[in-house]
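Report on one structure; see the data block that follows.
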2 protein chains.
Amino acid sequence: MASNVTITDIAKELNTTPATVSRALNNHPSISEETRTRVLEAAKRLNYRPNTIASSLRSGKSHLIGVLIPSAKINFFGSVVHGIESLASQHGYNVLIYQSNEKREFEQKGLQAFLNARVDGILVSMAKETHDYTHFREVKATGTPLVFFDRVNDDLNVPSVVIDDYKGAFCATEHLIKKGYQRIAHIAGPQHIKLFNNRLRGYLGALQAYNLPIDFNIIYTGDISIEAGKRAVEHFLTLEKKPDAVFSVEDFTALGAMKALKEHDISIPDQFGVIGFANEEFGEHTTPSLSTLDQQTVAMGEAAFKLLFEQINMKTSENMQPRKIVLDPIPVFRQSSAHP
Amino acid sequence: MASNVTITDIAKELNTTPATVSRALNNHPSISEETRTRVLEAAKRLNYRPNTIASSLRSGKSHLIGVLIPSAKINFFGSVVHGIESLASQHGYNVLIYQSNEKREFEQKGLQAFLNARVDGILVSMAKETHDYTHFREVKATGTPLVFFDRVNDDLNVPSVVIDDYKGAFCATEHLIKKGYQRIAHIAGPQHIKLFNNRLRGYLGALQAYNLPIDFNIIYTGDISIEAGKRAVEHFLTLEKKPDAVFSVEDFTALGAMKALKEHDISIPDQFGVIGFANEEFGEHTTPSLSTLDQQTVAMGEAAFKLLFEQINMKTSENMQPRKIVLDPIPVFRQSSAHP
DNA sequence: CTGTTAGCGCATTCAT
DNA sequence: ATGAATGCGCTAACAG
């Protein structure tokens, strides 16, 4: 069964030494073409499998990267992992995955596991619950390259990849304006979370850019849920000066808004325009289909890996300030904002 | 900077030997309580991190499991990975992830990478493209525990976890019957894929069980797409004896069917009932919401890990025939099948 | 270009 | 209960 042939076995077979076999196997420059082929042939014949564990121990490089996400069940992170893994395996890295389940405790355990496994680098999207960052500081202290994506923390001085929420919100609002909607509302998310604040700012920025008045009566702040979207619309409809379109901070909230509008027999997009943010899968299949902004999940994963890869291959001396990659969200304009 | 304290360092600090430190750290039975605490204290003080690589090399156990999936972008697999990782980390295993992207070539590369990393076990959902199974045979030949989930192959004699497609299809069809629909159609998937065939059989089984006639005119075979669903309905509506409900092999096809029905102003569920299979996220948010069967993704991941864990801890002598776990799909009956 | 030597960090056998 | 010795499989520095 498990043959477990080693380079020593190959060496014996060919009356040479493990060192030579190792060199041949790793395409070392100073090795004759002849011995290389002989070794490769013998390796194949004996069904040799390089033991990466031994190699890692000796070389100090594990060719492992750790990816810490809140949950693989969340679509967004699955897509990001897709981007990460694709590039990583192209570059000869294996990907370790760990879920924080939004708990700081698990987050810490995951980082611990990664460090113990001597990963060559770590990619993290932070848990919501996390407010104390000492565990990340410990990682930095070990010198292990670290990159944040999506859920980042700027104080930590770690390279990161994020989406340009301001620009996305600006773009969404601008789109509604250009489509001819007159009075555009916003359903905002919890403002202590930076990205939701950025989206609010993008909304305000677009209104200003087009010299439209800002009315805080049509800015509803709720949580991220279908229910919040419904409540927002109910609120808007009580107003004297009702809005005729809404930019919702997030697709699920937009969905709630659409449901409430339907209940009131307000037709979308004719009487009321709706646009969300995230490009969740369901948006393509609602009636009408939901306009939104795509978050570039796969590109985010790829960018995150690239940043990490740079860091891994960087002499520690080159200690410039950490790079921050900001991805543009991609507009996906569908029916819900197609003002006639 | 990276301290990289070893057990030897701890030993020196305490004027003892690496062996003692190792024993203390691993809760070896024959070690005095006093030295244990002294070692643990010193380990913490020196910021010691066990080197799993060295440990793996020495012990022969990597505490790594490899998970090979078609793509992390696909929701289903993300959820399964969630289930796997949760249990795995509870049991002290780290999870390596690799995507085949539905290509046999990558599948083989992934398995190779896993074997080289000396994983303690491998979990696989096969690529669609795969028809030649020698790479799996090679894995078996190494003695590395292997478990299939969802996309399995029975010839390989490998333990597996699947969903009971027959039962799910039976249940869906039965539901439509009990709701009072009279003439129930089926949109089937490519029949060379076993699970689709099982669903067709479940549909037929339910009709028989309730003494309903089987009419092949209302069994439409297509691929798995929204378009196929639309075409199926178009076909059904040309018939003289039109159906008044459909069990669709899969949610996206069901969605296509709903769209076509809407275009024909046929009201769902009053005039026509629809039920799908998979419990895709969008189903909750369509109008009307889509009845379906949940595939128990997280439970599948957990079951797969459990099976693998059993195998890992099994003496190779206990070579009974491989276990096969069959999960029951969970009915999720929503509006689209709510016959008045 | 190849062989020799050494050791990565740890767990385990055999002493004591 | 602890210490001494050994080697897992590989790579790398140094000789030749």
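Being a predicted model, the structure only gives us computed values, none of them experimental. By convention in this document, chain letters (A, B, ...) are assigned in the order of the sequence lines, proteins followed by strands, and residues within each chain are numbered from 1.
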Handout entry: Enclosure of B:Arg45 CZ (heavy-atom neighbours >12, cutoff 6.0 Å)
Key =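 Yes, CZ of B:Arg45 has more than 12 neighbouring heavy atoms, counting only those of other groups under 6.0 Å.
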Checking all strands, does [X] fall into the base, sugar-phosphate, or nothing category for heavy-atom contacts under 4.0 angstrom?
X       : result
B:Thr16 : sugar-phosphate
A:Ile31 : sugar-phosphate
B:Ser32 : sugar-phosphate

Practice task
Please examine the side chains of B:Arg23 and B:Val39, heavy atoms only from C-beta on, and report whether any two atoms are closer than 4.5 Å.
Solution key: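 Result no, sub-4.5 Å side-chain heavy-atom pair not found.
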Mind calculating the distance between [atom1] ([X]) and [atom2] ([N]) to the nearest angstrom?
X       : N      : atom1 : atom2 : answer
B:Arg58 : D:dC10 : CZ    : P     : 16 Å
B:Ile53 : C:dC10 : CD1   : C1'   : 12 Å
B:Asn51 : C:dA11 : CG    : P     : 9 Å
A:Arg49 : D:dC10 : CZ    : C1'   : 17 Å
A:Ile7  : D:dC8  : CD1   : C1'   : 12 Å
A:Asn27 : C:dC1  : CG    : P     : 14 Å
B:His28 : D:dT2  : NE2   : C1'   : 10 Å
A:Lys61 : C:dG9  : NZ    : P     : 15 Å

Exercise for the section: Using the ring-ring contact (aromatic ring centres under 6.0 Å, His included) rule, collect all pairs that involve residues 102-134 of chain A, keeping only residues at least two apart or in two chains. Expected result: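 The answer is none; no pair qualifies.
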Exercise for the section: Please list all pairs passing the ring-ring contact (aromatic ring centres under 6.0 Å, His included) test where one or both residues lie in residues 28-82 of chain B, with sequence neighbours left out. Expected result: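 Checked against ring-ring contact (aromatic ring centres under 6.0 Å, His included) - neighbours excluded - the pairs reaching residues 28-82 of chain B are B:His63-B:Tyr93.
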Considering just the side-chain nitrogens and oxygens of [X], establish if one lies under 4.0 Å of OP1 or OP2 belonging to [N].
X       : N      : value
A:Thr6  : D:dG9  : no
B:Ser59 : C:dC10 : no
A:Thr20 : C:dG3  : yes
A:Ser30 : C:dC1  : no
B:Thr17 : D:dA4  : no
A:Asn26 : D:dT11 : yes

Exercise for the section: For B:Thr35 and for A:Thr8, locate the closest nucleotide of DNA chain D by heavy-atom distance; then report the residue assigned to the nucleotide nearer the 5' terminus. Expected result: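 Mapping each residue to its closest nucleotide by heavy atoms, the 5'-most match is B:Thr35.
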Exercise for the section: Could I get the full list of side chain to side chain donor-acceptor pair (under 3.5 Å) partners for A:Asp328, not counting sequence neighbours? Expected result: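 Partners of A:Asp328 by the side chain to side chain donor-acceptor pair (under 3.5 Å) criterion, ordered by chain and then number, come out as A:Lys167.
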Problem - With B:Asp155 via side chain to side chain donor-acceptor pair (under 3.5 Å) - residues at least two apart - result: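 Partners of B:Asp155 by the side chain to side chain donor-acceptor pair (under 3.5 Å) criterion come out as none, since no residue qualifies.
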Every protein N/O lying under 3.5 Å from an N/O of nucleotides 14-16 of chain C:
none

Problem - Short side-chain donor-acceptor distance under 3.5 Å, B:Glu102 and B:Ser71 - result: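 No, because no side-chain N or O of B:Ser71 sits under 3.5 Å from a partner of the opposite role on B:Glu102.
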Problem - Pair A:Ser55, A:Thr52: side-chain N/O donor-acceptor within cut-off below 3.5 Å - result: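 Judged by distance alone, the side chains do not pair up.
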Problem - Nearest-0.5 Å distance, CD of residue B:Glu34 to CD1 of residue B:Ile31 - result: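 Separation between the atoms: 10.5 Å.
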Practice task
Taking only Lys NZ, Arg NE, NH1 and NH2, and the carboxylate oxygens of Asp or Glu, determine whether A:Glu41 and A:Arg38 approach each other closer than 4.0 Å.
Solution key: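 Salt bridge flag = no for A:Arg38 with A:Glu41.
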Handout entry: Angle between terminal axes - the helix from C:dC1-D:dG16 to C:dT16-D:dA1, 5 pairs each end, rounded to 10°
Key =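 Overall, the helix from C:dC1-D:dG16 to C:dT16-D:dA1 bends by 30° from one end axis to the other.
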